[in-house]
Amino acid sequence: MGEVVTINETDFIWMNGKPKGITHAVLFDAIGSDHIPAVVGGSLVKDSQPIGYMSSKHIASSPHTLLGSLGFTGWPIFYGPDKNTIVIEVLTPAHISRDMSAQKNAWLFNYPPARDVARMLNDLGCESFCVLTSDAFDVREGKGLDEPYIVKGEDIGKDDLEHESLQTLWGWLPAFMFAVEKVGAVVMIVPSHGHSMESKDFSDTAIKSALLKLESLGFTCTGSMKRAKHLYERATSDTIEAAKMADDVITKMRNKTRASHYEGGMFG
C-alpha cells in the first residue's frame with residue numbers, strides 16, 4: 001500500500017510505503033543550469049520506476065524528466081544501485097536574475113521543498129547526502145573548475161572556503177539544512193559541459209571523476225559508468241538542439257528588431 005508523509009508544506013508520496021534502511025541519498029536538478037550533474041545523478045538509478053514522489057503547491061514545474069516522462073507532476077524519487085540509496089530528481093528551472101523580484105519568487109517557490117527534503121532524509125535515518133550541482137554560473141564569472149569540488153554542508157557560508165561558488169538555491173540549501181542536524185551532507189560542484197554547439201567526448205567531461213568522488217564518499221556506483229555514457233549522449237544531444245533553437249530565436253528577434261527600424265520610412 002502507498003503512504004503519504006507530509007512534512008511542513010511538502011508531501012512525500014511513497015508507492016509501497018516509506019522506505020527503510022536508507023543510508024545514502026543523492027539529489028540533482030534535472031533541468032538546472034547544466035546537464036552534467038543530472039547525468040551523474042541519473043546514472044545511479046538502476047530501475048527507472050520511481051518508488052515515490054515529492055509534491056507541494058510550490059512545485060509548479062513541467063513533468064519533463066531526464067529519466068523519462070512518467071505522467072506525474074511531482075518530482076520523482078528512485079532507488080539507487082542498492083536499496084540503501086535513494087536518488088531525488090528535482091525539476092525546477094535554475095536561474096540567477098538581476099531582477100530582485102525574480103529572486104524573491106525563486107526563494108518563495110523553492111525554499112519550502114528544498115528545506116523539507118532535508119527533513120525527510122533525516123527522518124529516514126540517512127547518513128550521507130550529496131547535492132549535485134555545476135559550475136555553470138561560476139564559468140560566467142570566470143571562476144570555472146577543472147575537477148569536481150566538494151563542500152561540506154556545515155561549511156556552507158563560511159568565509160574561509162577555498163572556492164566561492166555562485167549557486168542557485170537547489171545547489172546548496174538541502175545540504176545546508178541536512179547539516180543543521182547531523183554531519184554527512186556535501187555539495188559536489190561538477191565542471192559543466194556548457195551551452196556549446198559541439199558535443200564533448202565523454203572522456204573529456206568530469207562525469208567519471210564525479211562518480212569516483214561519490215565512491216570515495218561511500219556511495220555505490222555499480223553500473224553507473226555505462227548508464228552515464230547513455231544518458232550523456234541523450235542529454236547532450238537535447239542540450240545542443242536546445243542551444244541551436246535558442247540561437248535561432250535570438251537571431252530572428254534581432255532581425256525583427258532591425259526590420260522595425262525601417263517601418264514608417266520609405267519602405268513602410
Side-chain angles (χ1 to χ4, degrees), residues 24-48 64-68 78-82 85 87-91 94 128-152 162-168 170-172 175 186-247:
H24 292 69
V26 169
L27 179 147
F28 66 90
D29 190 344
I31 51 176
S33 54
D34 191 78
H35 63 282
I36 297 298
V39 170
V40 175
S43 73
L44 297 176
V45 177
K46 187 176 180 180
D47 181 0
S48 60
H64 172 74
T65 151
L66 179 69
L67 295 170
F78 306 88
Y79 274 130
D82 54 55
T85 304
V87 179
I88 303 156
E89 183 184 35
V90 173
L91 301 160
S128 298
F129 175 37
C130 180
V131 172
L132 293 168
T133 186
S134 83
D135 70 346
F137 291 121
D138 302 301
V139 169
R140 296 183 186 183
E141 302 290 319
K143 301 176 181 178
L145 298 173
D146 295 323
E147 290 291 328
Y149 180 74
I150 296 288
V151 179
K152 293 181 179 179
E162 181 182 338
H163 176 75
E164 293 183 3
S165 180
L166 183 63
Q167 290 292 325
T168 58
W170 279 104
W172 63 272
V186 299
V187 170
M188 185 189 297
I189 307 171
V190 186
S192 57
H193 179 280
H195 301 290
S196 169
M197 298 295 181
E198 299 294 330
S199 174
K200 292 181 181 178
D201 187 86
F202 181 82
S203 61
D204 292 332
T205 70
I207 295 171
K208 181 178 180 179
S209 53
L211 288 171
L212 289 174
K213 274 196 178 292
L214 279 173
E215 286 187 329
S216 72
L217 292 170
F219 286 82
T220 300
C221 297
T222 306
S224 291
M225 195 66 67
K226 183 178 180 180
R227 289 188 291 269
K229 289 180 180 179
H230 172 71
L231 288 172
Y232 173 71
E233 182 179 329
R234 200 174 101 211
T236 302
S237 174
D238 289 347
T239 299
I240 290 172
E241 285 303 311
K244 288 179 179 177
M245 288 175 64
D247 188 58

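It should be emphasised that the depicted structure is a prediction, and the values quoted were computed from it without experimental measurement.
Here the side chains of Glu233 and Phe202 are not in contact, with every heavy-atom distance at 4.5 Å or above. At least one side-chain heavy atom of Lys200 sits under 4.5 Å from a side-chain heavy atom of Tyr232. The side-chain heavy atoms of Val40 and Phe28, taken from C-beta on, include no pair separated by under 4.5 Å. Side chains of Val151 and Val186 form no contact here, defined as non-hydrogen atoms less than 4.5 Å apart. At a threshold of 4.5 Å between non-hydrogen side-chain atoms, the residues Ile36 and Pro191 do not count as touching. Taking the side chain as every heavy atom from C-beta outward, Thr85 and Tyr79 never approach each other to under 4.5 Å.
Once rounded to the nearest 0.5 Å, the distance linking CG of Leu214 with CE of Met188 reads 4.0 Å. Rounded to the nearest 0.5 angstrom, Asp82 CG and Lys46 NZ are separated by 9.0 Å. The distance from atom OG of Ser43 to atom CG of Leu231, rounded to the nearest 0.5 Å, is 7.0 Å. If you take CG on Leu44 and CZ on Arg227, they are separated by 7.5 Å, rounding to the nearest 0.5 Å. Here Ser224 contributes atom OG and Leu211 contributes atom CG; the two are 5.5 Å apart, rounded to the nearest 0.5 Å. Here Ile189 contributes atom CD1 and Lys143 contributes atom NZ; the two are 11.5 Å apart, rounded to the nearest 0.5 Å.
Across all non-hydrogen atoms, the minimal contact from Val26 to Gly41 is CG1-CA, 4.5 Å. Scanning both residues, Val139 and Gly144, for their nearest heavy atoms gives CG2-CA, 3.9 Å. Between Ala175 and Val187, the shortest heavy-atom distance links the atoms CB-CG2, 3.7 Å.
Every residue two or more places apart in sequence or in another chain that forms a side-chain contact (heavy atoms from CB on, under 4.5 Å) with Leu212 is listed here: Lys208, Glu215. Take Asp146 and apply the side-chain hydrogen bond (donor to acceptor under 3.5 Å, both in side chains) test, not counting sequence neighbours, and it matches no residue.
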For residues 129-137, dump all side-chain donor-acceptor pairs below 3.5 Å to protein atoms at least two apart in sequence or in another chain.
{"from": "Thr133", "atom 1": "OG1", "to": "Gln167", "atom 2": "OE1", "distance (Å)": "2.5"}
{"from": "Ser134", "atom 1": "OG", "to": "Ser33", "atom 2": "OG", "distance (Å)": "3.3"}
{"from": "Ser134", "atom 1": "OG", "to": "Ala136", "atom 2": "N", "distance (Å)": "3.1"}
{"from": "Asp135", "atom 1": "OD1", "to": "Ser192", "atom 2": "N", "distance (Å)": "2.8"}
{"from": "Asp135", "atom 1": "OD1", "to": "Ser192", "atom 2": "OG", "distance (Å)": "2.9"}
{"from": "Asp135", "atom 1": "OD2", "to": "Leu145", "atom 2": "N", "distance (Å)": "2.7"}

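A donor-acceptor pair under 3.5 Å is formed between the side chain of His24 and the backbone N or O of Gly218.
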